[in-house]
Amino acid sequence: MLPFIRQGVQTFWQQNILQCRCFSHLALSEYVPACAPVDRHQVELLQDFVSCSQRLFVMTGAGISTESGIPDYRSEGVGLYSRTERRPIEHSEFVRSEAARRRYWARNFVGWPQFSSHQPNEAHIALSNWERAGKLHWLVTQNVDALHTKAGQQRLSELHGCTHRVTCLSCKTVVKRSELQERFMVLNPSWNEESHGVAPDGDVFLTDEQVANFNVPACESCGGVLKPQVTFFGDTVSQELVFSLYDYLSQSDAMFIIGSSLQVYSGYRFALKAKEKHIPIAILNIGPTRADHLASVKVSSRCGDVLSHILTQE
């Protein structure tokens, strides 16, 4: 933290960190959907599926991170869409509207201490261990929370980017989100608004009146507009990334979908591609998914409860 930031803002930052630590204990009860106890027969089928694979292609979604205290959008009863009328910002709105960017960054500034403090859970750790054991060929995540990276995953692609990086829309310079937080604090030394609720991308809920006087920095290299290096709703994933992931999928002998309903086509397309290439599919997710009819194994349980007990070697 820069030495000349006022004490009031330091206290605000410290209070938010303290709230995060308390918040993590509520994770399971607040954001993980209710589900039946683990079905032993289903888990045995999943164990056989994993054991038969030598080059596993894994795709994860928001359901793997709810057990770390990060809510998802679509889970029945506990997802953001069930609990609020709020919706994530659209790419076109962010690009065209200075007011929309101010609102987004103000809310993101408040939510960052909590969002960035989340840690990987048993499921993230298990998948990292699978990689080290040589079982996992490649992992693609739809999440933007960096929890796979924190867990040590290296054979990894972030399909929708990562909130821990920020890019300039003009010169494409990329900086750490943590560094931008310090610039926010310098530009807004007496700003200490409180929020209610957090979204899967680190956004929180503030009123227009609360964000009216929030100052947003420009790119230090060219003065351009700064944006999280994530794919907002209404934007598209780069074709180069998609094709590279198709290559990894083609090199694999099985696909395992974890914690995703696949309602968004950017993820669902990989299940379709696996079916096209006759690559078997297994799914671990609470509730139905768009690809259930494509899967040979489906387990409806918490990710951590199952993955931590799946053996990668017999």
Side-chain angles (χ1 to χ4, degrees), residues 23-50 56-84 87-88 115 118-128 130 136 139-145 147-148 151 153 159-160 197-201 254-268 270-271 274 280-310:
F23 171 85
S24 63
H25 298 292
L26 302 174
L28 280 180
S29 61
E30 191 168 359
Y31 294 132
V32 180
C35 63
V38 176
D39 185 305
R40 181 176 177 179
H41 176 64
Q42 288 183 329
V43 174
E44 288 175 351
L45 292 176
L46 183 58
Q47 176 68 74
D48 290 343
F49 180 91
V50 173
L56 196 59
F57 182 92
V58 174
M59 167 170 280
T60 66
I64 197 173
S65 293
T66 55
E67 294 170 48
S68 290
I70 300 176
D72 65 8
Y73 286 114
R74 296 180 175 84
S75 287
E76 184 176 354
V78 295
L80 185 70
Y81 293 167
S82 297
R83 295 182 290 108
T84 175
R87 294 296 181 265
F115 187 77
H118 289 294
Q119 295 300 314
N121 59 55
E122 285 183 303
H124 296 100
I125 299 300
L127 292 175
S128 182
W130 290 14
L136 189 152
L139 188 152
V140 55
T141 184
Q142 300 172 84
N143 301 335
V144 297
D145 51 34
L147 293 188
H148 284 298
Q153 205 84 43
L159 186 63
H160 298 144
V198 64
D201 60 356
M255 179 178 186
F256 189 9
I257 299 163
I258 302 170
S260 177
S261 64
L262 296 180
Q263 292 303 309
V264 178
Y265 179 74
S266 63
Y268 180 55
F270 296 101
I281 298 171
I283 298 175
L284 170 59
N285 187 69
I286 299 176
T289 82
R290 196 175 177 183
D292 283 354
H293 67 291
L294 304 176
S296 56
V297 178
K298 168 69 186 297
V299 179
S300 184
S301 296
R302 292 172 175 169
C303 300
D305 288 348
V306 174
L307 293 184
S308 60
H309 295 95
I310 296 293

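Looking only at side-chain heavy atoms (C-beta outward), Arg302 and Ile286 come within less than 4.5 Å of each other. Residues Trp130 and Leu139 form no side-chain contact, since every pair of their non-hydrogen atoms from C-beta on lies 4.5 Å or further apart. You'll find the side chain of Asp145 stays beyond 4.5 Å of the side chain of His118, heavy atoms only. Taking 4.5 Å as the limit, some side-chain heavy atom of Phe256 sits within range of a side-chain heavy atom of Leu46. In this structure the side chain of Ile257 never reaches within 4.5 angstrom of the side chain of Tyr268, judged on heavy atoms. Looking at Ile310 and Val43, their side chains come closer than 4.5 Å, going by heavy atoms from C-beta outward.
With sequence neighbours left out, the salt bridge (charged side-chain N to carboxylate O under 4.0 Å, His left out) criterion links Asp292 to Lys298. The side-chain contact (heavy atoms from CB on, under 4.5 Å) check on Ala295 picks up Ile281, Ile283, with sequence neighbours excluded. Residues satisfying the side-chain hydrogen bond (donor to acceptor under 3.5 Å, both in side chains) criterion with Ser301, sequence neighbours excluded, are absent altogether. With sequence neighbours left out, the side-chain hydrogen bond (donor to acceptor under 3.5 Å, both in side chains) criterion links Glu122 to no other residue. Residues satisfying the side-chain hydrogen bond (donor to acceptor under 3.5 Å, both in side chains) criterion with Ser260, sequence neighbours excluded, are Gln142. Residues satisfying the side-chain hydrogen bond (donor to acceptor under 3.5 Å, both in side chains) test with Glu44, not counting sequence neighbours, are Arg40.
Side-chain atoms of Ser128 come within 3.5 Å of backbone atoms of Ala151 as a donor-acceptor pair (strictly under, hydrogens ignored). A donor-acceptor contact shorter than 3.5 Å is absent between the side chain of Asp39 and the backbone of Val299. A donor-acceptor pair is defined here as one N or O able to donate and one able to accept, closer than 3.5 Å; no such pair exists between the side chain of Ser68 and the backbone of Ile70. With hydrogens and angles disregarded, no donor-acceptor distance shorter than 3.5 Å links the side chain of Asn285 to the backbone of Ile258. Formation of a donor-acceptor pair under 3.5 Å by the Thr66 side chain with backbone atoms of Gly63 is found in this model.
The heavy-atom pair separating Leu127 from Leu136 by the smallest distance is O-CD1, 3.8 Å. The nearest pair of heavy atoms linking Asp305 to Ser308 is O-OG, 4.0 Å. Smallest separation of non-hydrogen atoms from Phe49 and Pro280: CZ-O, 3.6 Å. Closest approach of Ile64 and His124 over heavy atoms only: O-CE1, 3.5 Å. In terms of heavy-atom proximity, Phe270 sits nearest to Met59 at CD1-CE, 3.3 Å. When all heavy atoms of Pro71 and Gly69 are compared, the closest pair comes out as CD-O, 3.8 Å.
In this structure, OG in Ser296 is found 9.0 Å from CG in Leu45, a value given to the nearest 0.5 Å.
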